[in-house]
Amino acid sequence: MEIDHLVPGAKGGKTEENNLWLACSDCNDSKNDRINGLDTITNETVALFNPRQQIWEEHFVWTNEGDVIIGLTATGRATVEALKLNRQELVIARRRWVGVGWHPPKN
């Protein structure tokens with residue numbers, strides 16, 4: 001995990017607690033300096049999910065198997081795509097975590 005700026009410095013984001021979040025390095029690299037992404041259904045550009053201001057369950061759900069994240073909203077879908085949240089290595093890891101009872105997270 002590494003510290004991610006929700007609004008990147010290149011877009012005027014500050015290095016202060018309300019703009020910082022932990023992200024895996026691959027997700028952070030995929031996000032890069034983006035704050036928006038493309039919704040795969042509407043083809044609209046929308047803001048990416050902000051975990052400091054939005055509720056995960058309103059934008060995402062796990063598949064029944066618990067290994068894939070499904071975006072429920074334009075923001076959710078754009079975030080899944082932009083951060084590549086269902087890349088193969090993550091899905092494989094989640095399947096293993098499900099098998100030992102570590103996943104999906106319980107609220």
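Just so you know, residue 1 is the first one in the sequence shown, and it goes up from there.
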Quick one: closest heavy-atom pair of [X] and [Y], and the distance?
X	Y	result
P8	N32	CG-O, 4.0 Å
G66	V98	O-CG2, 3.8 Å
V46	A78	CG2-CB, 3.6 Å

Apply salt bridge (charged side-chain N to carboxylate O under 4.0 Å, His left out) to D4 and K31, showing your working.
CA-CA 9 Å; D4 172 41; K31 181 179 173 238; 3.6 Å; yes
request  = Go through L6 and L20 one step at a time and tell me if the side chain to side chain contact (heavy atoms under 4.5 Å, CB included) criterion holds.
outcome  = CA-CA 6 Å; L6 297 169; L20 300 176; over 6 Å; no
> If only atom types and distance count, is the side chain of N19 paired as donor or acceptor with the main-chain N or O of V7 below 3.5 Å?
Replying inline: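 A pair under 3.5 Å: yes.
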request  = Output yes when a side-chain donor or acceptor of T75 lies under 3.5 Å from a complementary backbone atom of A47, and no otherwise.
outcome  =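 Yes: the side chain of T75 pairs with the backbone of A47.
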Is any side-chain heavy atom of [X] closer than 4.5 Å to a side-chain heavy atom of [Y]?
X	Y	answer
E81	L38	no
R94	N86	yes
L48	L83	yes

Dump the intermediate steps for side chain to side chain contact (heavy atoms under 4.5 Å, CB included) on K11 and R34, then the final yes or no. CA-CA 8 Å; K11 303 276 189 203; R34 290 189 272 183; over 6 Å; no
If I take atom [atom1] from residue [X] and atom [atom2] from residue [Y], how far apart are they, to the nearest 0.5 angstrom?
X	Y	atom1	atom2	result
K106	W102	NZ	CH2	13.5 Å
I70	L85	CD1	CG	12.5 Å
T63	E65	OG1	CD	4.5 Å
F60	I69	CZ	CD1	7.0 Å
E2	C27	CD	SG	9.5 Å
L72	R77	CG	CZ	8.5 Å

_Hydrophobic cluster identity match, I3 and W21, side-chain contacts under 4.5 Å_ =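 No, because I3 and W21 fall into different hydrophobic clusters, even though each may have its own neighbours under 4.5 Å.
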Subject >> Hydrophobic cluster membership, W62 vs V80, 4.5 Å side-chain cutoff >> reply: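 Same hydrophobic cluster.
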Between the side chains of T79 and H59, does any donor sit under 3.5 Å from an acceptor?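 Side chains of T79 and H59: no pair found under 3.5 Å.
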Under a plain distance cut-off of 3.5 Å, with no hydrogens placed, do D29 and S25 share a side-chain donor-acceptor pair?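 Absent: no donor and acceptor within the cut-off.
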Set out, in order, the CA-CA distance, both residues' side-chain angles and the distance that settles salt bridge (charged side-chain N to carboxylate O under 4.0 Å, His left out) for E16 and K14, then state yes or no. CA-CA 6 Å; E16 55 192 26; K14 301 199 184 298; over 6 Å; no
Report task. Check step by step if side chain to side chain donor-acceptor pair (under 3.5 Å) holds for D26 and S30. Result -> CA-CA 6 Å; D26 286 341; S30 294; over 6 Å; no
Just to verify, which of L90, I92, V91 counts as forming a side chain to side chain contact (heavy atoms under 4.5 Å, CB included) with Q88?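 With Q88 as partner, L90, I92, V91 yield a single side chain to side chain contact (heavy atoms under 4.5 Å, CB included), made by I92.
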Crowded around R87 CZ? As in, over 12 foreign heavy atoms under 6.0 Å?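 Yes, the 6.0 Å shell around CZ holds more than 12 heavy atoms from other groups.
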What residue among T15, N28, D33 forms side-chain hydrogen bond (donor to acceptor under 3.5 Å, both in side chains) with H5?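 The side-chain hydrogen bond (donor to acceptor under 3.5 Å, both in side chains) with H5 is passed solely by T15 among T15, N28, D33.
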